[in-house]
Structure formats: structure tokens, C-alpha cells
Amino acid sequence: MLRQPRLSLLFATVGLLLVPLVSGLGSSCSAPLTRGSAAPEDPYWLETIKHQGVPAFNPDPTYQVFRNVKDFGAKGDGLTDDTDAINAAMSEGNRCGLGCDSSTLTPAIVYFPPGKYVVSSPINTYYYTQMIGDARRPPTLLASPNFSGLAIIDADPYIPGGGGAQWFINQDNFYRSVRNMIIDLRPMPPSAPAIGLHWQVSQATSLMNVVVEMSQDNGTQHQGLFMENGSGGFMGDLIFNGGKNGIAVGNQQFTVRNLTINNAVVAVAAAWSWGWTYQGVSINNCTIGFSLTIGGTTSATQAVGSEAIIDAIVMDTDVFISSTKPSNGSLPASIVLNNVQLHNVPVAVGVQTGEVVLEGSKDSMWIESWGQGNVYVGKHDQPHFTQGPIAPPQKPWNIVDGTGKIFGKSHPQYADYSLDQIISVKSHGAVGDGVTDDTKALQNIFDQFAGCKLIFFDAGTYYITDTLTIPAGSQVTGEAWSVILGGGLNFQDEENPKVMVRAGEPYCTGILEITDIVFSTVGPAPGAIVIEWNVHEPWDEQGGAGMWDSHVRLGGAIGTDLQVAQCPAGSLSPDCMAAFMGMHLTQGSSAYLEGTWIWTADHDLDDPESQQLNIFTGRGLLSESFGPVWLIGTAAEHNALYQYNLHNAQNHWIGFAQCETPYYQPVPNAPAPYSTNKAYYDPEFDASNTMAWALYVQQSWDITVFGAGFYNFFQNYTQDCLATFSCQNQIFNIDEDSTILVYSLSTVGTKYQLSISEEGVVDESYNRDGFQETLTAWSRW
């Protein structure tokens, strides 16, 4: 039954290769941009480019987005206390801090040139902030010996005397990034409870290219990163040296890529989670690799739900994974390990009481694929509790790198580009005020400069009224999440959906990189396909077509006409239809998406009370791509029909995927207020199925889900259903013809965690682990 679809797909793939591929740069430039030309002594271009971006809807025309800390008095000489200067750069302009839950009006880049900046109290980060160090010569934040406070960088400060209250709502602490920083805690006494980053954050957040140096003395109390709550998120390219804990974490879900921890007592101390995915881990000379607190049986005692770890190398460490309690069928504590190399690690998996679950080796050993927890096969609805080998993930040749590991690509920062290789859209005719129609100006810029220059979107909101095509060859970057905002009559016909931003022409190949951009709409826009992704990476460059730290945000912000004044919770106005679809990966495309969040707003970011909304988007992400596709730390939330839909797709690596279904359903039932459209392979709905799908898989092959969280917290904004696990009956469907492997799947509020051809198979009652329910693995056979 499976052979014929595979054969058909093979012919389809061969047919695709025979299609004439558009491989040009999409412009008439005489000097294609192939590499950076900055001289070794040149400063990073972000420091010297003209900064003329402004937030479109901030009433203060003098508001400053880009802030160089040296312009605020910081010295960076390793001697002067720069704390006040840095915090002044962070806070100036009536920004969103204490007393403000969220705001899109005050974005900022707080920039650090090379140097050593002495810090004696926390840098309290405000909402919608990117802290960016020189990407060529990362600066150091040097802790003062008398440092006082929780952490050097604090993303959610506690209010003194507030009884545990903090500046922000941890689950809504969006839009944060820290890049290119060295944090040095070593001037502080080893006994001091020093923390590099207090990183209690949620979606649309990232850490990248960060190093934390800590004391390696006996009894050290230093910690590189501390996270006690939140709903994330992505972080990658991190190094932690020394300390009691490299990182100490607790969060609903997170994706970590390229994590290195050296000479710590505990590399990763995990207090609680629903699900975390670690891709690419190096642990060296630690006592314990992962210390897991397990055994929570209620939401009040929530502990670690699942840890999925792939492509790890652990050396000279006593225990790779240590749990606080032994696991058994009634205490799942899910663990998934794949491609783990151990060198002088006597215990691979153990319990703090001394029980050894999986022996290690004082020499070398390799763990191909191992799991702990409830494992399912096919339509068998009874789990098999396992502490042993499990079916390994599918790794098609184009998903892995040259060493056999899952391929990863870091957020491009163009550190070696010179200033003359970059053009500003505002300097070439775009306005970015959220009102002026910038469609023609932006299209002219792309037609002229794609492939020739890095195209810099100065901070602002760029309103377009027709399809904007970003040609293959383009490299595009924003400034503190510049916004491309689509609106007008062209996007208002649900029966004839129209693309808002087209990434490459159909079946084209070439480089296409988008970083730090938000895509949004002005309501109503029921016919808007926000992003149509057509471009395929060059055959010799993996990950050449991708997006990093870029998001689809529909409603919930000034300028969208989709706020609480127009679309309060409970309203059913057709004017509150925000888009037809968030993102469409077409058949000829490939895509590397890292940290992408497709969000239909459930609350108003610019309302002082963060009131809930009723905004409608038809679909989240539809993929018809033959691959390769990497969805690394992505999320899709609150779309009416589905969050992710794979149709005739192939060669997808998904980890971690996070979804929430709409809070308003079943009022109205799915798919309302939209109609199903067979041209886009929509699932059908009836009286027995009235809620949106998290992931719907149709006739797709070689798909791996390596960590996922599919949640339903509401029925029509009420939460009584959570107590009976009945907010939704089914949430994740796989048809009979698809080949897919699923690991570390957590759900909330759903009767059946996984269904085959819309028949519930995995009953949540077997997999309860605190607030969420987690299965360790499911395979077809």
C-alpha cells in the first residue's frame, strides 16, 4: 500500500528536476554578491550603517531604535562601571518595562561595540529588545566583584518587595534576542550565586553566539543561564564554561541547537518542562550531563515531561543523564536519545539513588536510538513501557550534514560584509510609516539589488497592497523586527486568495535568506496568503533558502485594525478575518526555518490590559515541499483549520513544533468563518470534529517529528475542559499512506494524542505526567 505512493513520488521528483529551474539572481546587477569584502580592521556594518528607522506608530518622531551603548556613556574599558550607561541605553524613550505587559511601539537594538563592559547590577531588558554585540569581535559583559542582583542580563526582573511578582507575564514575554556576547562571571567570588542570563521568555525569542565564563573552583555556585518559567522559544550556538550549572531550565517547551558545556558540575539541570529538544550537544568534563527532576503528578507538582536529545558527544563525565527518581509505567518521564557518543562516561542513564538504567563505558560507546517511556506502534492503542532501543528517526540524505548529523545553519549576520555591500530600503524610496503604499518602491529595490546587495529594512512598517516578490538571490535583514504589512482590496477575497509576499518564483533555485522580519496584515484580509515560499536551495548549499528570527504575526498590534477595539473576545465580525494562510511551502521549494512563529494573536499586544481577541486566520503552515525542509523551533497558533498541514510532502525534519488551537472554538466550529478549499488540501470537518488540527499529515513520506507540543487550553475562552482532558477530541492526524516517526509528543486538554485517518489511537490517559501528557515514540511498524 505504501510502495505505489513512493513510486509516484519518485516520478514526481524526477519530473520536478526536468522542470526548467529559474536560477538567476532576479536582478541585473553587474557584480553578484558572493562573499563579504570587509577588511579585518573594519567595524561591524550594523554599527556604522546610517540608522534612520523609526517605529511607524510611535507618536514621538524622535524615538531612537538603534542605541550604541557608547553614545550613552559606556566606556567598555574593563575598568569603568558601565551599568548605568547600559541601562540608560536600554530604557530611554518611555519603553515597555515595569508596569507594561507588552508593546510594539518601542522596539530597540541595544548595540555593544568591542570592549569589556563592567556591570555591577542587572541589565534589565525591556520588551521588544535585541541586545547585539559586534559580530566580528564580540564584547564582554564583565561582572563586577561586588555585583548585586539576580543576573547580568535579566529578561524578566522580579519586583523588589513584590512577593514574587515580575515585570512581564512569563508566557507572553515575546520578542527578545541576545547575540554575540561574552558574559564573564569569574571576577565574582565562586561562592556567590552568580547568573549570566535570567532568561524567562516565551515565543519569538532567541539567544545566539553567547559564551558564559564561570568559576571552576570547588563549591562554585555560578550558573550560566537560569530559566524558571515561560513558553519558548529557540536558542543556539551557546558555550558555557565552568559553574555549578551550565544551564538551569524550566519552561513549557524549547529548542536548543549547538550547545556546548565544559567543566561544569551539572551541564543541564532541568526542573520542569512539557517538552525540550536538544540538537547538537557537546558536554565535556562535567559530573552530570543532564540532571532531570521527575515525578510530578499534577500541574502543581509539574516536573520534566520529556527530553529529546540528538547528535550529542559527551566526554569525561560521570553520568550522562541522571533522574531524581526511577521511572516506570506509571511515571513515564520520557527520554529520547539518538546518535549519542559517549567517551569515558561510566553511566549513560541513571537515577540519583544509584540505580543504573543504561550502562555507559569508561572507553567509548554509541547510542543509536534509545528511549524511556511509553512507545506505540501502528494502531495498537496500548503502550509498551520501554527503557531500551527504539526505532531510529528517518534521516534522508539531504536532511543530514556531511558527518551524518541533522543539518543546522546559524542565523546569518553577515559579519564579513562591508558597508558598501548593504543598501537601505529607506534610502531607496521606501517610507515605512505603515500608511504609505511601499509596494512599488520595495519591488523596484528587489528588482535592482537582489543578489547584489544585502537589503536592509530600516526599522519601520512597510505597507504593501499587492504581491511583493523577493527574487532568488536575495539576502534580507530587518532592524528590530521590521514589519511588512499587507492590506487593501487585493487580499480581501477568500474565494480567490492572493499571495502577499512571494519568496522566489515557482520552481526557482538560489540563495534566499530572511532575518528579523515580521509579516502582518491589515484586516480584513481573508484572502491573504502571507508568505508563499517557492525557492529551492542551491544543490550545493544546504540551508541556502531559509528564515531566521522572522515571524508571521496576525492582528494584536497597532496598525492592523485587528485589535481589541475591532475584535474583542466573543465577537464574530467578518472584518476580523486576518488571513487565508500564514505560510505555504510549495512543491518545488526547500526551506530552513529556525525560530519562526506563525501567530494569530489571542490578545492585544498594544492594549494596556492585554485583552483577549477573536481574530480568524484560516490556516497556519501548508507544506507540499519534496524537501529538504527543516522546522527548527517553530510554532503555529490559533488558526481555524490547522496549524501545520503536510500534503504530498517529503524529507521534513521537525523539532520542536509547538501549537495551540484557537481559544474561541467551538464558537464557531472549525472551519468557520472560513470554508474548506480543496485546492489547498484542507481537511474536512463535521459534527464529530469541530476543532482545528495541530498537525495534519496527508500522503507524505520520510517525515520525522522530534519533539512536539500540541495544546488546547480553552473551549470558547473557558477552561473547565482541562480538568477532564476534553477541550478537544483529536489534535494530530496521520493518514494511512504516510511514513512518519514521532518522538516526545506532549499534548494538553486533548482526549486522543494521535489519530490514524481521524480515528483516535493514543489515549491520553496512559501518558499523564503532571499537567501535560507525553508519549515517547510512535512508529508505523
Side-chain angles (χ1 to χ4, degrees), residues 46-47 51 55 58 60 62-103 105-134 138-162 165-168 173-185 187-188 192-201 205 207 210 212 225-226 459 480:
L46 184 62
E47 178 178 343
H51 289 284
N58 189 314
D60 180 4
T62 67
Y63 179 85
Q64 184 177 355
V65 174
F66 183 85
R67 296 117 184 271
N68 186 324
V69 295
K70 289 196 171 182
D71 293 338
F72 288 79
K75 300 299 182 184
D77 58 10
L79 300 172
T80 306
D81 188 336
D82 287 324
T83 311
D84 290 345
I86 295 169
N87 279 325
M90 179 71 67
S91 61
E92 183 177 88
N94 195 29
R95 299 197 64 223
C96 184
L98 176 61
C100 169
D101 285 344
S102 61
S103 173
L105 292 175
T106 55
I109 291 176
V110 179
Y111 177 77
F112 293 76
K116 292 186 176 182
Y117 300 84
V118 175
V119 178
S120 58
S121 62
I123 300 169
N124 294 326
T125 63
Y126 283 55
Y127 193 87
Y128 227 107
T129 297
Q130 295 179 347
M131 290 181 63
I132 302 179
D134 186 299
T140 296
L141 300 178
L142 187 63
S144 168
N146 60 352
F147 180 90
S148 177
L150 180 61
I152 303 298
I153 297 176
D154 197 338
D156 196 1
Y158 284 86
I159 300 170
Q166 294 173 268
W167 281 19
F168 305 106
N173 199 8
F174 310 143
Y175 299 105
R176 306 304 189 99
S177 186
V178 176
R179 308 172 188 176
N180 316 323
M181 292 284 184
I182 300 168
I183 302 172
D184 195 342
L185 303 177
M188 298 179 67
I195 297 173
L197 301 106
H198 176 217
W199 197 244
Q200 183 172 251
V201 295
T205 61
L207 296 176
V210 174
V212 182
L225 180 148
F226 173 62

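Because the structure is predicted, anything quoted here is derived from the model rather than measured.
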From Glu92 atom CD to Gln64 atom CD, the distance as rounded to the nearest 0.5 Å: 6.0 Å

Non-hydrogen side-chain atoms of Met181 and Pro139 separated by less than 4.5 Å: yes

Mind checking whether Ile132 and Leu46 have side chains closer than 4.5 Å, heavy atoms only? yes

Applying side chain to side chain contact (heavy atoms under 4.5 Å, CB included), run through Glu47 and Asn68 and close with a yes or a no. CA-CA 8 Å; Glu47 178 178 343; Asn68 186 324; 4.0 Å; yes

Enter the distance from Cys96:SG to Asp101:CG here, rounded to the nearest 0.5 Å. 7.5 Å

Under 6.0 Å between ring centres, would you say that holds for Tyr127 and Trp167? no

Neighbour count >12 (heavy atoms, 6.0 Å) for atom CG, Asp60: yes

Out of Ile86, Asn87, Asp82, which residue meets the side chain to side chain contact (heavy atoms under 4.5 Å, CB included) rule with Val119? Ile86

In Å and rounded to the nearest 0.5 Å, what is the CZ to CD1 distance from Arg67 to Ile109? 10.5 Å

Could you measure the distance from the CD atom of Gln200 to the NE2 atom of His198? Nearest 0.5 Å is fine. 4.5 Å

Between Thr205 and Tyr175, does a side chain to side chain contact (heavy atoms under 4.5 Å, CB included) hold up when you go through it step by step? CA-CA 5 Å; Thr205 61; Tyr175 299 105; over 6 Å; no

Measure the shortest side-chain to side-chain distance between Pro55 and Leu105 over non-hydrogen atoms and say whether it is less than 4.5 angstrom. no

Aromatic ring pairing Tyr117/Phe112, orientation class (parallel under 30°, perpendicular over 60°, tilted between): perpendicular

Do you know the tightest heavy-atom contact between Val118 and Asp81? O-OD1, 3.6 Å

Student check: side-chain heavy atoms of Pro113 and Asp134 closer than 4.5 Å: no

Rounded distance (nearest 0.5 Å) linking atom CG of Leu197 with atom CD1 of Ile153: 4.5 Å

Do Arg95 and Ser103 have side-chain atoms, one donor and one acceptor, less than 3.5 Å apart? no

Heavy-atom pair of closest approach, residues Ala155 and Asn173: O-ND2, 3.1 Å

On a heavy-atom basis, the closest approach of Asn180 and Pro138 is O-CB, 3.7 Å

Check whether any side-chain heavy atom of Gln166 sits under 4.5 Å from a side-chain heavy atom of Ile159, and report yes or no. no

Pairs under 3.5 angstrom only: tabulate donor-acceptor contacts from the side chains of residues 140-152 to other protein residues two or more places apart or in another chain.
| from | atom 1 | to | atom 2 | distance (Å) |
| --- | --- | --- | --- | --- |
| Ser144 | OG | Asn146 | N | 3.3 |
| Ser144 | OG | Asn146 | OD1 | 2.2 |

Arg176 versus Thr125, side-chain donor and acceptor atoms under 3.5 Å: yes

Derivation and outcome, side chain to side chain contact (heavy atoms under 4.5 Å, CB included), residues Arg179 and Gln130: CA-CA 8 Å; Arg179 308 172 188 176; Gln130 295 179 347; 3.4 Å; yes

Using distance only, find each side-chain donor-acceptor pair of residues 69-78 under 3.5 Å and give its atom names and separation, not counting sequence neighbours.
| from | atom 1 | to | atom 2 | distance (Å) |
| --- | --- | --- | --- | --- |
| Asp77 | OD1 | Leu79 | N | 2.9 |
| Asp77 | OD1 | Thr80 | N | 2.8 |
| Asp77 | OD1 | Thr80 | OG1 | 3.3 |
| Asp77 | OD2 | Thr80 | OG1 | 2.8 |

Would you name the heavy atoms of Ser120 and Thr83 that are closest together and state the gap between them? N-OG1, 2.8 Å

Pairwise distance CH2(Trp199) to CG(Leu225) - rounded to 0.5 angstrom: 8.5 Å

Phe168 and side chain to side chain contact (heavy atoms under 4.5 Å, CB included): which partner among Asp156, Val201, Leu98? Asp156

